[in-house]
Every structure is written in structure tokens, then in C-alpha cells.
Protein chains: 2
Amino acid sequence: MTDIPRTARPTMKDVAARAGVGLKTVSRVVNEEPGVTEDTISRVQAAIDALGFRRNDSARLLRKGRTASIGLVLEDLADPFYSPLSRAVEDLARAHSTLLFTGSSAEDADREQELVLAFCARRVDGLVIVPASEDHRYLEPEIAAGVATVFVDRPAGGIDADVVLSDNAGGTREGVAHLIAHGHRRIGFIGDLPRIHTAAERLRGYREAMEDAGLPVHGNWVSCGPTAPGRVRAAVESMLSGPEPVTALFAGNNRITVTAVRVLADLPSVVALVGFDDFELADLLRPAVTVVAQDPGQLGRTAAGLLFQRLDGVAGAPKRVELACRLIPRGSGELPPVP
Amino acid sequence: MTDIPRTARPTMKDVAARAGVGLKTVSRVVNEEPGVTEDTISRVQAAIDALGFRRNDSARLLRKGRTASIGLVLEDLADPFYSPLSRAVEDLARAHSTLLFTGSSAEDADREQELVLAFCARRVDGLVIVPASEDHRYLEPEIAAGVATVFVDRPAGGIDADVVLSDNAGGTREGVAHLIAHGHRRIGFIGDLPRIHTAAERLRGYREAMEDAGLPVHGNWVSCGPTAPGRVRAAVESMLSGPEPVTALFAGNNRITVTAVRVLADLPSVVALVGFDDFELADLLRPAVTVVAQDPGQLGRTAAGLLFQRLDGVAGAPKRVELACRLIPRGSGELPPVP
DNA sequence: TATGGGCTGGACAACGTTGTCAACAAAGGG
DNA sequence: CCCTTTGTTGACAACGTTGTCCAGCCCATA
């Protein structure tokens, strides 16, 4: 009956031929442009339905210039920390009738660049990037060509661009000060690789808090490196032994915190703990884990909001937005020092 | 010096003009096609670098027919359960030089359809869908037009399509049988909305396990509904009161399990618990939570693998793949019944 | 010198859509 | 009755790329 071609999709031309009208008239009907008779509309609509026509938005957007799509590059789609961030970006994208490309850099600079440039080759209107690379000059021609770009969680390297950050140093200062206020004097810091901006900032916050309180930082009280459980375990054990064992730990991100909880659970000693990043069930552990919480959803919302402002034509110098962190005392950070 | 136009992007035409060659020669250089002199190549390359040209893949793919992109629709990007699934799909996409559109249906049928059709309008080569809708006949013309489609986690409604599932009923049977083996006779089931396929299957598994053991299921031992904490709390409290209080609970998904843990922590009674879906830190709670674990990463890998097989031309009847679940005893499911 | 073949390069159409503009018919005013 | 106005419609070019095809050119061979 209906002669749907099995292989090739029907185009406006096919619809036009079947409805006995011109190509442009079909376009008008599809786009609900005014100036088409009711009668013609229904004839075209019938042809559309019969053929199962669906407008090819790729062609449309090629013609129009904008693609109504943005790219989101983050470190790892599988990391729960970024889930609310992605969702927030997606929600704003939807509100702007924009589709979302996503990809993980896996903390690899080359992969980040490859992904970003692939998005640019698709002519995304904008980018939200959680940087893995330290040098983003490769983006200069793209930004000059009009690709709106907002960095989240970490600043861009080598270029001046919009960025939305958490107050990593301030949050860490607050967390460490919290431990100090509960009587701790020997506090260890276990962080991520220092080449990662957030890790460096948090380390800085730790040092500042110790200095503000006039406390020394001994050699083995600071350990930075990959978040692999083995490395973290070794660091904890080293800090808890020796002539000056720590009585409290500050863990530099959620994965480190979780590993620290595991390690401490195996040990007889009572050690206070504050972690950076909140995580699900932190309140159900015993002791419940005190954390310095970022709001990843807010991070994403702010970044995407800024992006769409730019796309709406808001010009001006690159903005730097810093979101406050929130200390959530739950128990592990209020344990008194045990000598 | 270099005259990069601030507004419009350079095209192959611009590059050709600047290099003093024909349009097609630029195309040849960009695509590394043979038949161009070293000398010409370097002249063209110089023009490309000077102008900051980047090929417009949208136009390219319009011409070529395939878009080298696929769409992933899941329930909620922010749900940690789906994170490994997304990541697995992304990894396979990358391996096939394919870009990934993502979106959340928010468990809303209209939103799912809107997203899917938006992807189709962009002419994605394929789709991976975690269905929210019960009727996917709207996809028939798309599938006929050649859009490869694989459903994950839940089957499609109204059409015959590839699907990758977990063995929800079998896993639940095993979990409930585990409780029965530990002496429980009065076991409650708290599940998600029964219109969701996985929820219905798990309920079926529960009923089968009880029946297999010759155990009755009393009226208030089964509660299905939204995963809102208030509803779950009420259900738990109701099951634990009355003339026939349950001594064990089976929680139908990770969110329900977590709420159940919270509720039980507030109560004096000791209640055994097995939850469907593993979750981070389940082993650190006291008691550690016994779960029936799916492997969301494997779900995603299998689905994407099947999708790319189809895209590579593997024909044949729609496949239905069912992945086994794994019981992970950790403590909460091995508690003896307390009358 | 003519011929042929291999190599290089360019003109042109096509992908499916939208914007511009002009053609045409019907209706209204003088 | 003609001219203008209004409303509807279609022809055509353009978006940026790739595939097809043909025109030169250079060199070797007859």
C-alpha cells in the first residue's frame, strides 16, 4: 500500500512529489511557517505520514549555522561525583532545546583534546569541560570561531576562559581547622596527584590551616599520589606509625576518604577523619564521616548557565565563579585526639 | 598577521583560495587521499594552519550518509547505577570512532520519545535505550529506516527488538531463597512501581521463591510504589508491626535498600535484609548489606557490542540476552530470624 | 614527432535542508 | 476594465563537504 523505501529515508523532495507540491511548501509545513492553505497543509501532512518522513536536522542545522548541541567532557562518566554535574548540564541543555554530546577524558590530556576537537568538528555551539590537560591553547581557534567554552571544577591552562570552581582551598582550610578546634595537633593530609588543580588547592588549604594555627607539618604527614587503594593504605599506615603519629586525617577526595575509612576500620586505633567531597551513606557509617561537601549539581548548573548566557550573546571578560563548600560534621571529625 | 575571520569559520573554499589550489585538492589533503604531490600537500597544510581550518564533520557526514554517532537514553544520568553503563557504552563508541549523545528520560514516556526522536532527527546511526515508555511502536519507521536499536535493562514495548537484560526474577529468587535458608518464614518485599518491568520481574521472583518454599505471602508483606523515602519508611514500619511481623526484608532496588538501611538503623528490632543492586560501601555498613548484584557495566558493554554488530551489518532475528545476577552475602542477609 | 599512460588537479553535482525572490491567482479600488 | 494589493506557491541558490569525471601535464615508447 504505502511505498516506504526500506533503505533510503524519504526526504522533503519525496514528500513534495507525493503531495504534488513544491519542495519549499513541504518545508513550510514542517516548520509551521505561515502562509499555507489548510488544504495544502493536510495534503502535505498526509504525504508525510504515509512516507514516515522525519526532517533531517543535520542538514537543517548545516543550513542554519547553529547545531543546537553542546559537548560535555568530564573525567569519567562512571564517577558518581560527576553524575549530578552531567544531569544539571543536561537539564539546562534541554531547557534550551539543545542536545548533549558526552565523553570521558579518563584524566588523559590527549584524550581530552581528541574529544573536544571531535565535538568542535561537529560544530557544537558550546563546550563544558572538566579539564584533564594543562594546556588548552589548542582551543584558541575554536573559541575565536565562536565556540562558547566553560571550564568546570578546574581552570583552563594557558588561555583565559570562563571557569566555575569550588573553593577547594577554603573548604579544606575549614575542614582542617575543624580538626584543630577539636584538639588535634598532628594532622595528616592524603591527596590526589598534585598536578591536578583541585588536589594542589586542597593541599594549599591544608598548609594554610596548619600555619594559621601555628602548627608544624612533619615530613610524612603529607602524601600525594594516585588514588589507588594500595597507595592510600600505605600512606595511612605510615602516618600512624613513627615517633610523631598523626591523630587525625584529612582525605583529599571521596575515593581517598572511602579507602581511608576501610583502612581505619581494620586498625585498632581511633583516628579522626574529615574528607573532601560528600558521598552517599557517609551518614550511615560508624562513625559517620564528616566531610567538606561540594555541590556538583550546582557546579554543573552554574557552568551550563554561564554557557547559555554566552550563547545568548552575553559578552564580557571571562568570568571566574567560585562556589563555597560546606562542612558537614557527622562524627568522624569530632573524635578527640588519642595520643 | 594571519587574517583569521573573527566570526565565520574558514571552509575548504577559503583554504583552497589561500593555497591557490582547487577545492577538491584540499579535501584530498584533509582526508589523506593519495594522488597529491608532497609540495601541494605542504602548501595546503600551511593554509590550513594559517586559517585555523577544521573540517566540518556535520557537512561531511551529511554527504556520506552515516553520522558516526549514537544516542544513549537512560532513566537518569545522575543515578550512579547507570554510570558504569554509560561509561561502557562510551568506551565501545570510542573504539568505533563514534560520538555519543546522551539524555535522561526521567522515567517519563513522553520525554523518552522526545529524546529518541530528536536523536533520530540528527540521524544517529544507532540507539541504546533504557526504556521508560511501554510502547515503542513510534520507533518502527526509524528502525525500518535503518537505525540500529538495542534496549537495555528492560524490554521494548510493542515491537520486537534486541534487548539485554539482567535476570531479575532469578536473582530475586536467589536472594529470597537465601533468606529462607537462614530460617526466615515471614519475608517482606518492597519494590518499585510495578509498571516498571524490572520491578515486576523482581516481584515475580519473590513470589516464586516463597511459593517454592511453600510459604504464604500475607497482605501487607508486599509493597510496591515510588522509591520516595517516606513511602519506603511507611512500608517497612507497616511490615514490622501487626500480628504477623516480618523477620526479613527484600528491597527491590538500590535506593529502596538504602532507605531500608536508614529506617532499620533507627529501630530497635533486628531485621535481616537483602537488597537488589550492589552499591558502594555496602560492605562498610554494620551489618554489611547482602545484595543481589547486577553488573551494569556488563549490561552496557553487551548492549553496545550488539549495537555495533548490527551496525557492522550482522543481520538476524532480534536477540534477547539475559545476564545472570550474583548474590553477595555480607552479613545483613545471614541474620537469623528474631520473633 | 606522435601516441599513450600515469599522475595531478579542478569543475561540477549531490547530500537535505532553508532563505530569497519572483510568479501567479484572486480580490479590491479607481 | 485595469492596476494594485494580498496571499499562496515554487524555482533556485546556498550551507560545507565528498564522489565522479575529465583536462592537462610529463615522460617514455614507437
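Source: prediction; values computed, not measured. We name chains A, B, ... by the order of the sequence lines, and we start the count at 1 in each one.
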Checklist entry - Heavy-atom contacts under 4.0 Å between residues 36-45 of chain B and DNA chain C, which residues? => result B:Val36, B:Thr37, B:Thr40
Item to check | Sugar-phosphate or base contact per nucleotide [nucleotides 16-27 of chain D; S, B, -; heavy atom under 4.0 Å] | outcome: BBBBB-------
Item to check | End axis versus end axis in the helix from C:dT1-D:dA30 to C:dG30-D:dC1, the angle rounded to 10°, five pairs used at each terminus | outcome: 70°
Measure all distances between protein nitrogen or oxygen atoms and nitrogen or oxygen atoms of nucleotides 4-7 of chain C, and list the pairs falling under 3.5 Å.
none

Checklist outcome for this item: Scanning both residues in full, the closest heavy-atom pair of A:Asp108 with A:Asp110 reads OD1-N, 2.9 Å
Checklist entry - Can you name the side chain to side chain contact (heavy atoms under 4.5 Å, CB included) partners of B:Asp49, sequence neighbours left out? => result B:Gln45
Checklist entry - Using a cut-off of less than 4.0 Å, is there contact between a side-chain N or O of A:Thr25 and OP1 or OP2 of D:dG10? => result yes
Item to check | A:Thr102: partners by side-chain hydrogen bond (donor to acceptor under 3.5 Å, both in side chains), with sequence neighbours left out | outcome: B:Thr102
Checklist outcome for this item: So salt bridge (Lys or Arg N to Asp or Glu O under 4.0 Å) across residues 59-70 of chain B, not counting sequence neighbours, yields none
Checklist entry - Do B:Glu90 and A:Ser104 have a side chain donor and acceptor closer than 3.5 Å? => result yes
Next on the checklist: With side-chain hydrogen bond (donor to acceptor under 3.5 Å, both in side chains) as the test, pick out the partner of B:His136 among B:Gln113, B:Glu112, B:Glu142.
Outcome noted: B:Glu112
Checklist entry - Does the pair A:Asp14 and A:Arg18 meet the rule for a salt bridge (Lys or Arg N to Asp or Glu O under 4.0 Å), with working shown? => result CA-CA 6 Å; A:Asp14 301 321; A:Arg18 175 160 185 135; over 6 Å; no
Item to check | Residue pairs, two or more places apart or on separate chains, that pass salt bridge (Lys or Arg N to Asp or Glu O under 4.0 Å) and touch residues 298-317 of chain A | outcome: A:Asp162-A:Arg310
Next on the checklist: Going by the rule side chain to side chain contact (heavy atoms under 4.5 Å, CB included), which residues pair with A:Pro84 if we only count those two or more places apart in sequence or in a different chain?
Outcome noted: A:Pro296
Checklist entry - Which residues pass the side chain to side chain contact (heavy atoms under 4.5 Å, CB included) test with B:Asp160, sequence neighbours left out? => result B:Pro318
Next on the checklist: Going by the rule side chain to side chain contact (heavy atoms under 4.5 Å, CB included), which residues pair with A:Thr198 if we only count those two or more places apart in sequence or in a different chain?
Outcome noted: A:Asp153, A:Arg154, A:Asn168, A:Ile196, A:Arg202
Item to check | ring-ring contact (aromatic ring centres under 6.0 Å, His included) against B:Phe308, all qualifying residues, sequence neighbours excluded | outcome: B:His96
